[in-house]
Amino acid sequence: MKLSRRDFHKLTGSVALGTGAYLLNDQAAGAVNQVEEGPDSSVEWVYSTCGYCSVGCGMFIGVKDGKAVAVKGKEDNPVNNGKLCPKGIYEHKIIHTEDRLTMPLLRDKKGGGFRGTSWYEAIPLFVSKIKQYKPEEIAVLCTGQLVTEEFYLLGKLVRTGIRTPHYDANTTLCMASAVVGYIQSFGSDGPPGCYEDFEHAEVIMSIGWNPSEQHPLIYHRLQRAMDSNHPKIIVVDPRKTQLGRVADLYLPISPATDVTLLNAMIRIIIEEGYVNEDFINEHTVGFSELKAHAEGCTPEAASQRTGVPKEDIIKAARLFGKAKTAVTCWCMGVNQSVEGTNIVKDINNLHLITGKIGKPGCAPFSITGQCNAMGSREYEGKAKGLPGYRSLVNPAHRREVAQFWGVDESVFPEKLGMSITEILAAARKGDIKMLWIIAHNVGLSGPNRQSVLEALKNVEFLVVQDVYHPTDTSIYADMVLPAAMWGEKTGTMTNSERRVNLAMAAVKPPGTAKTDFETFMDIAERLGLKALFPYKNPRDVFEEIRRIGKGRPCDYSEMDYDKILASGGIQWPATKDSPGGTQRLYTNGIFNTPDGRARLHPVEDLPLPEATDSAYPFILNTGRVIEHWHTGTKTRKVPELKALVPRAYVEINPIDAERLKIRFGDEIEVVSRRGRISTWARVTPSIMPGTVFIPFFDNQVPVNDITVDAVDQASKEPNFKQAAVNILPKGKGTV
Ligand SMILES: Nc1nc2c(c(=O)[nH]1)N[C@H]1C(S)=C(S)[C@@H](COP(=O)(O)OP(=O)(O)OC[C@H]3O[C@@H](n4cnc5c(=O)[nH]c(N)nc54)[C@H](O)[C@@H]3O)O[C@H]1N2
Ligand SMILES: Nc1nc2c(c(=O)[nH]1)N[C@H]1C(S)=C(S)[C@@H](COP(=O)(O)OP(=O)(O)OC[C@H]3O[C@@H](n4cnc5c(=O)[nH]c(N)nc54)[C@H](O)[C@@H]3O)O[C@H]1N2
Ligand code: SF4
Ligand SMILES: [Mo]
């Protein structure tokens, strides 16, 4: 079915073109997919959870003659009530594609191309390379898109078998600032809130988050809340997103000045007496320092720096302060910044001083990105290095995990190794010789991409484990390992509200492709670690996760696959006291710090890593569109989605466009100190003057050629959201 973006929006009940405020219910899904239902239907529906974003929609995959032919929402799922967004509804179309990997590939040293091979050759070669290099010459880069059982296996394999400290993931490009901010404020990672909080909140503040496009089924819940309890909506974003359009208060903030805005709000809240003194006294540390610091943060100065009118800053503070309940959601506009951790801590400050946490309608709520970024934080060790939110530098944690696994704790590295951008820099220098990349298309999604490609080309042995080939990363590999994908494997995933749900295998992987689970097991066995890896299937691993996580904040001990299937997902912690799961964290005001008190942190804005100047006068903002998923390896293959947004574009404000004589649709170049890309201009007032926005899904418009690779020093998350660029009519010289 060929649809224009406009027709698609009409069919799916959109409220505004380009906003993604459209959802498909079961009936519309049927119409789109044209699947026959009813007792005679030969379609078998298999339980699953969407494999794209962290909303975690419950769904079924329709299978006919061994092929995935349709998808439909699960009516009684507590997250999405049967509805799906456009990516979800076409998800079966990403499985049986022509570029699926069907066998391992090895680079043919003579010809330079690839030759197909068997696992009997690939795994021994892989393991011989692991033995050839020193552990610290090897690095592993993973993802937020495997199932938790696979994350746990890989974490155990890296710690006990490969033993390199250099083990990171694309989650550092995404969630790291939220993780570090939570740990510094509350003593532990983990979003405290849940989606139901929207229905209890008097105020919902969104900072650097575009939910109508990136979390459409959360947006739907926001809409439901707007219709029922009418929360006041505050949106802080340099782009006027759909949520910004419907907001009660839209604050068009100058890029990366969020801390200044929050500090001024904190000052007003303290000054005007909206603080919760009992909560501060009983449950926090550091209020007097925060107060002293806030005194210097006047709304006048904040207005000057942020560009937000002073009256609006005061209004936001009063709305937030006076409300009995408030939720603050944030996403990449906060995390992907050199000051990401600071912004997160300031959001936490705001909630702590007003006691707006641990109650219905009250939470500082980081929205995650990938379907299972949470799972990698919980049980792969992406939060602090060891499973169950345990830390590599905590002696008790090291002991616990070592004893549980039956290994000597000296096998663990003493501390976390390099982060992703550091690993890539070391690979460029030749210090990392073997790089294993699993489910991460860093060749398009990594910051300052040409330097990433240099790293990929420079490592002696690059292994890429993916479901498709060629990708922007796999083309540089020495070995490509074919993986089974969503719909072909079974395991759990945790969504943004800590809900653990199952995705089940519906169809078989193509050729000899294996699940990542099987590949990790094969490698472990070949490394002689069979005794440490006695699992027959993901369920066995889940049982181990239940035991190793018992008593930890992310406790799964009262969950099992059957309970999850029956309930549509269980929110951790699930313990003896709360066997059905837990909606909210910190309801008793006790945090995961040694004294149980949360920490208040006075913080400041940092300068942009790359200031604008006369040669590069615009700030480049980057991100996503609803129709496409990340680097587009999946969605660029779905004809309906590709037809809607075939090519990435540059959003530019009409004032700038007029000055530069650029019309809608003109081909233009965007140039930074690192490179140049060209594409068409989309002139729109939703982007503020002096800034431009380019989505990163399109490898014909590789926006990361021009982004910076500066990182937040605490979280190591790259600053994807601001780089200095210039705009030129195509082919018109250089800056
Ligand atoms: N359709 C679709 N959905 C997705 C994804 C996808 O690729 N496609 N990816 C998933 C993943 S992994 C993630 S991480 C999430 C990301 O979800 P979001 O974070 O919502 O998406 P982004 O487009 O990256 O950026 C969000 C907003 O940050 C704003 N922003 C930029 N700079 C600043 C700033 O300085 N201050 C403030 N306050 N805001 C700023 C941008 O203008 C943008 O509107 O989406 C998930 N969902
Ligand atoms: N400019 C800019 N760049 C960004 C961002 C931004 O906002 N702006 N956002 C950043 C963020 S938040 C994120 S999360 C990253 C995302 O960046 P990536 O993770 O690189 O993006 P994906 O396109 O999802 O790549 C995942 C890869 O895994 C493969 N894959 C899918 N399923 C499986 C599986 O089950 N097993 C295996 N082995 N492989 C699989 C896919 O084919 C694909 O090649 O991009 C980051 N880059
Ligand atoms: S909102 Fe996210 S989880 Fe739900 S169908 Fe869309 S992509 Fe999948
Ligand atoms: Mo992400």
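Every number for a ligand or one of its atoms is a count from 1 in the order of the listing.
Taking every heavy atom of both residues into account, I95 and M485 meet most closely at CA-SD, 3.8 Å. Contact record, Y47 with G569: OH-N, 4.3 Å, taken as the closest heavy-atom pair. Among all heavy-atom pairs drawn from S445 and L173, the shortest one is O-CD1, 4.1 Å.
The pair D189-K382 does not count as a salt bridge, with every side-chain nitrogen at least 4.0 angstrom from each carboxylate oxygen. Between K74 and D76 there is a salt bridge, with a side-chain nitrogen of the basic residue lying less than 4.0 Å from a carboxylate oxygen of the acidic one. Salt bridge annotation for E199-R221: present, with a cationic side-chain nitrogen under 4.0 angstrom from a carboxylate oxygen. Here E627 does not pair with K642 in a salt bridge; the nearest charged N to carboxylate O distance is not below 4.0 Å.
The shortest N or O to N or O distance between V236 and ligand 1 is below 3.5 Å. Note: no N/O pair closer than 3.5 Å links I207 and ligand 1 by distance alone. Between V625 and ligand 1, at least one N/O pair is under 3.5 Å apart. Annotation: K87 places an N or O atom under 3.5 Å from an N or O atom of ligand 1; distance criterion only. Between E627 and ligand 1, no pair of N/O atoms sits closer than 3.5 Å.
Of the possible polar contacts, none joining the Q336 side chain to the P718 backbone as a donor-acceptor pair under 3.5 Å is found. Panel note: side chain N719, backbone V338; a donor-acceptor pair is recorded below 3.5 Å. With hydrogens and angles ignored, the 3.5 Å screen pairs no side-chain donor or acceptor of T622 with any backbone N or O of P695.
Ordered by chain and number, C53 SG make up the set of protein N, O or S atoms under 2.8 Å of atom 2 (Fe) of ligand 3.
Each of the atoms 47 (N) of ligand 1 lies under 4.0 Å from some heavy atom of C53. Here is the list of ligand 1 atoms found below 4.0 Å of a heavy atom in T241: 44 (O). Per-residue contacts place Q370 under 4.0 angstrom from the following atoms of ligand 1 (heavy atoms of the residue considered): 12 (S). Counting the atoms of ligand 1 from 1 in the order shown, those under 4.0 Å from a heavy atom of P255 are 35 (O). Those atoms of ligand 1 that come under 4.0 Å of a heavy atom in C174, given as number and element, are 14 (S). Counting the atoms of ligand 1 from 1 in the order shown, those under 4.0 Å from a heavy atom of G623 are 23 (O), 24 (O).
Scored by the side-chain contact (heavy atoms from CB on, under 4.5 Å) test, N448 finds S451, R674, D709 as partners (sequence neighbours excluded).
With distances taken over non-hydrogen atoms, the option nearest atom 44 (O) of ligand 1 out of D258, T143, D237 is D237. Closest to atom 33 (C) of ligand 1 by heavy atom, among P238, G208, A178, is P238. Nearest to atom 5 (C) of ligand 1 by heavy atom, out of W209, W629, W330, F720, is W629. By heavy-atom distance, the residue among Q722, H630, K721 lying nearest atom 12 (S) of ligand 1 is H630.
Of the protein's non-hydrogen atoms, the one nearest atom 19 (O) of ligand 1 is M332 N, 2.8 Å. Counting protein heavy atoms only, atom 28 (O) of ligand 1 is closest to G333 CA, 3.2 Å. The nearest heavy-atom contact from the protein to atom 9 (N) of ligand 1 is R624 NE, 2.9 Å. Protein heavy atom at the shortest distance from atom 47 (N) of ligand 1 is Q214 O, 2.8 Å. Looking at atom 13 (C) of ligand 1, its nearest protein heavy atom turns out to be G369 CA, 3.3 Å. Of all protein heavy atoms, the one closest to atom 8 (N) of ligand 1 is H628 O, 2.6 Å. Ranking protein heavy atoms by distance to atom 20 (O) of ligand 1, first place goes to N210 N, 2.8 Å. Of the protein's non-hydrogen atoms, the one nearest atom 35 (O) of ligand 1 is A256 N, 2.7 Å.
Taking the ring axis of Y468 as reference, the NZ or CZ atom of K637 stays within 45° of it and closer than 6.0 Å to the ring centre. Both the sub-6.0 Å distance and the 45° axial angle are satisfied by R239 relative to the ring of F693.
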Do K716 and D168 pass the salt bridge (Lys or Arg N to Asp or Glu O under 4.0 Å) test, and can you show the C-alpha distance, the side-chain angles, and the key distance before you say yes or no? CA-CA 11 Å; K716 308 291 179 189; D168 200 13; over 6 Å; no
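Taking the six-membered ring for Trp and thresholds of 30 and 60 degrees, F198 and Y195 have nearly parallel ring planes, at less than 30 degrees apart.
By the criterion of a heavy-atom distance under 4.0 Å, the side chain of N621, and not its backbone, is placed next to ligand 1. Contacts between H215 and ligand 1, counted as non-hydrogen atom pairs separated by less than 4.0 Å, involve the side chain only.
Not less than 6.0 angstrom separates the ring centroid of F365 from the ring centroid of H351. Taking the six-membered ring where the residue is Trp, the centroids of F696 and W629 are separated by 6.0 Å or more.
Contact of the Y219 side chain with the N210 side chain is not registered, since no non-hydrogen atoms from C-beta on lie closer than 4.5 Å.
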